[in-house]
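Heads up, the thing below is written out as structure tokens.
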Amino acid sequence: MIVNLRDTGVMKYTGLIREMNTPIARSACVITFGCQQNEADSEKLRGMLTDMGYTTAPSPEEADVIIMNTCAVRAHAENKVLSMLGKFKDKKTADPSVIIGVVGCMAAEQGTVDLLRRAFKYVSFTIEPNMISRLPEVMWRAANSERMFVIGTDKGDVVEGIPTERAGGHRAWVSVMYGCNNFCSYCIVPYVRGRERSRDSADVIAECRDLIAGGCREITLLGQNVNSYSSDTDFAGLLKRITDIPGDYRVRFMTSHPKDVSDALIDIMAERGDKIPPYFHLPLQSGSDRILHEMNRTYNREKYLKTVEKLRQKIPGIVISTDIIVGFPGETEEEFSETLDMLRTVRYDMVYAFIYSPREGTRAAKMDCQIPGDVKSERIGRLLRMQDEISLEKNTEYVGTVQRVLVDSVKTDGDGRLLSGRTPGNKLVHFRSATSAPGDFINVKITRAAPFNLFGELAKE
Ligand code: SAH
Ligand code: SF4
Ligand code: F3S
């Protein structure tokens with residue numbers, strides 16, 4: 001049976017044929033790799049599995065169904081998946097009723113799907129990320145020993161109403177858009193996630209309203225490029241409508257492309273600072289104008305620095321983080337030092353740095369002058385050492401301040417309860433408290449700083 005989901009642009013999940021999936025005490029395990037989009041998709045996969053009657057297995061070893069939600073952004077991510085997959089072969093041989101599926105971004109790469117089909121016979125199915133709503137049908141076929149590979153069927157739908165089993169408790173992901181149109185020359189995402197589509201604002205707002213009513217304290221709006229959100233409003237308008245919902249909560253978002261951070265977005269952040277915390281992830285990728293051009297990023301240093309200046313002017317104390325790619329094809333030592341120079345100029349709170357990884361099918365993978373591995377490693381080492389110092393200096397500025405922390409987790413050690421949470425600027429804080437629990441907002445006085453986190457104590461009222 002084929003479920004036709006191609007009638008309109010926005011569709012309602014029906015769970016068609018889920019009744020036919022009648023597991024008897026069968027359990028499932030979803031393993032997630034990659035970014036927050038995948039985390040959010042895994043919550044939907046778990047929701048559909050529960051809806052079909054599967055229980056949650058504590059580990060893949062104990063599961064009757066294993067679904068790997070994969071990432072294709074760097075070779076390292078793909079290799080991890082393939083080596084883990086190899087470990088499940090014996091499990092399938094021992095019990096042929098076990099179902100092993102691969103979903104996520106690797107399942108959208110034709111070459112990878114061909115490989116899994118040919119050389120990984122124990123993989124029952126693959127589903128590309130845009131089509132996960134077809135899981136019930138695919139599972140039903142797998143249970144009847146029919147292999148199915150859902151790829152390239154369609155990259156343009158938004159399916160609403162997929163059951164979701166949220167993992168976060170007081171924190172939740174809410175996707176506002178899918179796909180990417182930017183085609184940065186190094187990046188596989190537009191190929192595996194398809195073109196940009198936005199959800200209707202009414203659907204997004206209804207989801208946020210339900211979450212807040214249910215006690216959610218922090219919503220993170222997700223999209224590869226949230227600033228391109230477009231329905232009956234733009235992203236700034238969407239943030240305005242969401243933060244009109246009364247309550248004590250925070251709204252974060254990621255990721256923003258520097259080319260279209262609008263004044264309206266900065267203004268709404270400044271205006272709604274109580275609900276939209278002063279934090280901005282603004283991926284730079286490289287500090288060299290030539291490399292930025294080769295990357296197809298469509299901004300240069302000057303334009304980027306202007307955005308940073310505007311953010312800092314309108315939102316005092318804003319915390320800014322970034323992504324950097326080291327060793328893009330042709331990157332000279334001088335061009336790399338321009339990246340270091342940008343790090344010194346902007347003084348980011350946090351930098352996520354990656355060694356460039358050629359992705360088949362992207363323009364950069366075909367470029368001459370790929371940089372040797374040892375050069376890339378040496379450069380990233382230098383960059384990280386420099387940034388550690390800057391991060392520590394930035395964090396030290398918080399010592400003595402009182403921060404409103406959202407508690408995320410608690411553990412008990414020999415000295416009592418140790419809590420971890422996030423400041424408005426998204427900095428991780430560890431502190432002790434006999435009473436506070438995850439989901440509480442609490443004032444914490446910062447007493448000590450490290451490059452990646454802060455330490456504090458309960459502030460006196
Ligand atoms: N849409 C987001 C996230 C994209 S993937 C954005 O544009 O910011 C997250 C990060 O992975 C990117 O910001 C980039 O720094 C890194 N990345 C993407 N492709 C890569 C590649 N081929 N090699 C190394 N890092 C890569
Ligand atoms: Fe990749 Fe660029 Fe799109 Fe981000 S904006 S997902 S880096 S193509
Ligand atoms: Fe990876 Fe796909 Fe996210 S490639 S980074 S899981 S969009």
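The first residue in the sequence is number 1, and the count goes up from there. Worth saying up front: this structure is predicted, and the values here are computed from it rather than measured. When a ligand or atom number is given, it counts from 1 through the structure's own listing order.
Side chains of R199 and S231: a donor-acceptor N/O pair is absent below 3.5 angstrom, by distance only.
Every atom of ligand 2 is numbered from 1 in the order shown, and the set under 4.0 Å from a heavy atom of H257 is 5 (S).
Considering only non-hydrogen protein atoms, atom 7 (O) of ligand 1 sits nearest to R297 NH1, 3.9 Å. Of the protein's heavy atoms, Q224 OE1, 3.4 Å lies nearest to atom 2 (C) of ligand 1. Regarding atom 25 (N) of ligand 1, its nearest protein heavy-atom neighbour is R74 NH1, 3.2 Å. Ranking the protein heavy atoms by distance from atom 23 (N) of ligand 1 puts S357 N, 3.0 Å first. Regarding atom 6 (C) of ligand 1, its nearest protein heavy-atom neighbour is T255 CG2, 3.8 Å. Shortest contact from atom 7 (S) of ligand 3 to any protein heavy atom: Q224 NE2, 3.1 Å. Among all protein heavy atoms, the one lying closest to atom 24 (C) of ligand 1 is I355 O, 3.3 Å. Scanning the protein for heavy atoms near atom 5 (S) of ligand 1, the closest one is V73 CG2, 4.0 Å.
Heavy atoms of Y186 found under 4.0 angstrom from ligand 1 belong to the backbone as well as the side chain.
For the residues D323, V189, T322, the heavy atom positioned nearest atom 9 (C) of ligand 1 is part of D323.
Ligand 2 lies within reach of R297, whose nearest heavy atom is under 4.0 Å from it. Distances from ligand 3 to the non-hydrogen atoms of A72 include at least one value under 4.0 Å. Q37 does not count as a contact of ligand 3, since none of its heavy atoms falls under 4.0 Å from the ligand.
Between N225 and ligand 1, not a single N/O pair is under 3.5 Å apart. For a threshold of 3.5 Å applied to N or O pairs, the pair formed by Y356 and ligand 1 contains no separation below that value. Any N or O atom pair closer than 3.5 Å counts here, and Q285 shares at least one such pair with ligand 1.
Within the 4.5 Å cutoff, no side-chain heavy atoms of M350 are placed close to those of Q387.
Taking the six-membered ring where tryptophan is involved, the planes of Y304 and Y299 are tilted, since the angle between them lies from 30° to 60°.
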